[in-house]
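Input: a single structure, listed below in structure tokens.
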Number of protein chains: 2
Amino acid sequence: MEYMNTASTSEPRWLNDEEQRVWRSYIDATTLLEDHLDRQLQRDAGMPHVYYGLLVKLAESPHRRLRMTELAMYAKITRSRLSHAVARLEKNGWVRREDCPDDKRGQFAVLTDAGQEVLQQTAPGHVEAVRQAVFDRLTTEQQKALGEIMRIVAEGLQPSEAGADLPWLR
Amino acid sequence: MEYMNTASTSEPRWLNDEEQRVWRSYIDATTLLEDHLDRQLQRDAGMPHVYYGLLVKLAESPHRRLRMTELAMYAKITRSRLSHAVARLEKNGWVRREDCPDDKRGQFAVLTDAGQEVLQQTAPGHVEAVRQAVFDRLTTEQQKALGEIMRIVAEGLQPSEAGADLPWLR
DNA sequence: GAGCTCTCCTTGAACTTTTAACTACCTGAG
DNA sequence: CTCAGGTAGTTAAAAGTTCAAGGAGAGCTC
């Protein structure tokens with residue numbers, strides 16, 4: 001009989017061949033795609049994909065602004081990383097910081113007109129890149145499956161359904 | 001009437017709401033997952049996910065070695081990035097470089113015993129992390145779909161079915 | 001076999017990300 | 001009010017990545 005049953009000592013649950021193939025494809029595809037989009041945006045918009053995503057989130061937010069912590073959460077990055085990113089975007093003139101009146105520790109990241117401009121200029125090229133790399137190659141069923149799968153994975157990794165507890169959102 | 005029809009000037013093929021949801025889920029999941037695995041491996045193996053992947057590829061190769069270019073290709077990273085990575089892994093004593101006898105420009109990256117060791121120690125924890133984050137949460141059908149989808153996407157981005165033209169592989 | 005081009009791999013500099021403090025401010029208990 | 005502990009955001013330093021350039025050898029042509 002198996003006498004060990006703790007997570008750390010029992011027999012590892014290795015991936016079988018098919019699972020390994022799936023996992024490798026996942027790694028390959030995500031690596032290639034992120035790289036591809038990074039280059040596309042670096043070339044056409046002068047910024048990496050993550051930074052572009054930040055501008056998009058701001059553009060979609062009321063008054064084109066978001067608290068730093070909130071933006072970090074939506075973009076799934078750390079506050080530290082966001083601080084650096086916003087500093088860079090500020091240098092480009094695409095984002096501006098504003099103090100939060102309600103909380104003196106708080107900062108808003110605000111999309112500037114120049115930032116809006118850059119988005120409008122580069123969004124078409126970016127969607128096209130995403131379509132060509134992903135949507136154009138998948139059937140409707142596959143797109144649906146992809147959405148569902150990714151939703152499940154993201155949900156599982158979300159640091160405890162975060163965000164439900166931000167004062168500003170009450 | 002629409003009078004323009006060239007790629008650069010025609011109306012952008014925007015993503016509809018459902019497509020946007022799919023795309024966002026994709027970004028969220030891949031960002032969270034890569035971050036999760038990076039932390040897991042940094043904590044337990046003292047290296048980022050990509051570096052771990054390099055050791056795995058070497059471990060699976062004949063004589064635990066691979067030409068630099070070949071390794072870069074399998075791992076889907078640039079040669080430059082690989083050079084830096086191997087330099088670091090070499091410092092850790094997990095990889096060693098060897099000259100290629102057939103081509104004086106060439107280098108082999110070779111997995112050392114210490115590298116093998118580190119893999120054996122940390123592989124169980126890593127598979128478990130992957131399982132918990134991905135496979136345990138998906139049905140068999142979803143796993144299959146994920147594999148197929150990722151294979152398609154990777155295939156589309158592969159720089160021209162690369163690798164078919166490496167002399168060593170003839 | 002000289003010269004031209006291409007490939008293999010590395011390098012330094014610029015840039016981005018991580019990690020671990022750290023400042024400043026808010027909040028609630030007493 | 002005061003103080004302990006938590007939160008918002010930043011920062012310096014270390015680590016990793018990208019980009020452009022370059023050294024050195026291979027390989028092809030004449």
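So that the names make sense, note that chain A is the first sequence line, chain B the second, and so on, each numbered from 1. Computation of the quantities below employed the complete heavy-atom set of this structure, encompassing side-chain atoms and omitting hydrogens, waters and symmetry-equivalent molecules.
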Checklist entry - Heavy atoms under 4.0 Å, any strand shown: does B/Asp99 hit a base, just sugar-phosphate, or nothing? => result nothing
Checklist entry - Which part of the nucleic acid does B/Phe108 contact within heavy-atom distance under 4.0 Å: base, sugar-phosphate only, or nothing? => result nothing
Checklist entry - Would you call the rings of A/Tyr52 and A/His49 parallel, tilted or perpendicular if under 30° counts as parallel and over 60° as perpendicular? => result tilted
Checklist entry - What nucleotide, of C/dT10, C/dT19, D/dT17, holds the atom closest to the side chain of B/Gln42? => result C/dT19
Next on the checklist: Do B/Leu138 and B/Phe135 sit in one hydrophobic cluster, given that two such residues count as connected whenever their side-chain heavy atoms are within less than 4.5 Å of each other, even indirectly?
Outcome noted: yes
Item to check | For atom CG of A/Asp102 and atom P of C/dC26, their distance in whole Å | outcome: 10 Å
Checklist entry - What is the distance from CD of A/Glu34 to C1' of C/dT16, rounded to the nearest Å? => result 13 Å
Checklist entry - For the pair made of CG in B/Asp38 and P in C/dT16, what is the distance, rounded to whole Å? => result 18 Å
Checklist entry - If only side-chain N and O atoms of A/Arg79 are considered, is one of them under 4.0 Å from the OP1 or OP2 phosphate oxygen of D/dA8? => result yes
Checklist entry - Between A/Gln107 and B/Ile77, who's closer to the 5' end of DNA chain D by nearest nucleotide? => result A/Gln107
Item to check | Side-chain N or O of A/Arg39 closer than 4.0 Å to phosphate OP1/OP2 of D/dC19 | outcome: yes
Checklist entry - To the nearest Å, how far apart are A/Leu82 CG and C/dT16 P? => result 14 Å
Next on the checklist: Quick check: do B/Leu55 and B/Met47 have side-chain heavy atoms less than 4.5 Å from each other?
Outcome noted: yes
Checklist entry - Under 4.0 Å: is that the gap between some side-chain N or O of A/Arg88 and OP1 or OP2 of C/dT16? => result yes
Item to check | Length of the CE-P vector between B/Met68 and D/dG23, whole Å | outcome: 20 Å
Item to check | Sub-4.5 Å side-chain heavy-atom contact between A/Val134 and B/Trp23 | outcome: yes
Next on the checklist: On the nucleotide D/dT10, are OP1 or OP2 found under 4.0 Å from the side-chain N or O atoms that A/Arg97 carries?
Outcome noted: yes
Item to check | Touch class at under 4.0 angstrom, heavy-atom based, for B/Arg43 against every strand present | outcome: nothing
Next on the checklist: Quick check for you: among C/dT16, C/dT18, D/dC19, whose closest atom lies nearest to any side-chain atom of A/Tyr51?
Outcome noted: C/dT16
Checklist entry - Could you give the NE2-to-P distance, from B/His49 to C/dT18, as a whole number of Å? => result 15 Å
Item to check | Side-chain donor/acceptor of A/Ser80 to base of C/dT19, under 3.5 Å | outcome: yes
Checklist entry - Starting at CG of A/Asp35 and ending at P of C/dT16, how long is that distance when rounded to a whole Å? => result 15 Å
Item to check | Along DNA chain C (nearest heavy atom to each residue), the more 5'-positioned of A/Lys104 and A/Ala85 | outcome: A/Ala85
Checklist entry - Under the 3.5 Å rule, do the base of D/dG9 and the side chain of A/His84 count as making a donor-acceptor pair? => result no
Checklist entry - When the distance from CZ of B/Arg105 to P of C/dC9 is rounded to whole Å, what number comes out? => result 8 Å
Checklist entry - Taking a hydrophobic cluster as the set of Ile, Leu, Val, Met, Phe, Trp and Tyr residues connected by side-chain heavy atoms closer than 4.5 Å, whether directly or through intermediates, do A/Val110 and A/Leu71 fall within one such cluster? => result no
Next on the checklist: Do B/His126 and B/Asp44 have side chains that approach each other closer than 4.5 Å (heavy atoms only, starting at C-beta)?
Outcome noted: no
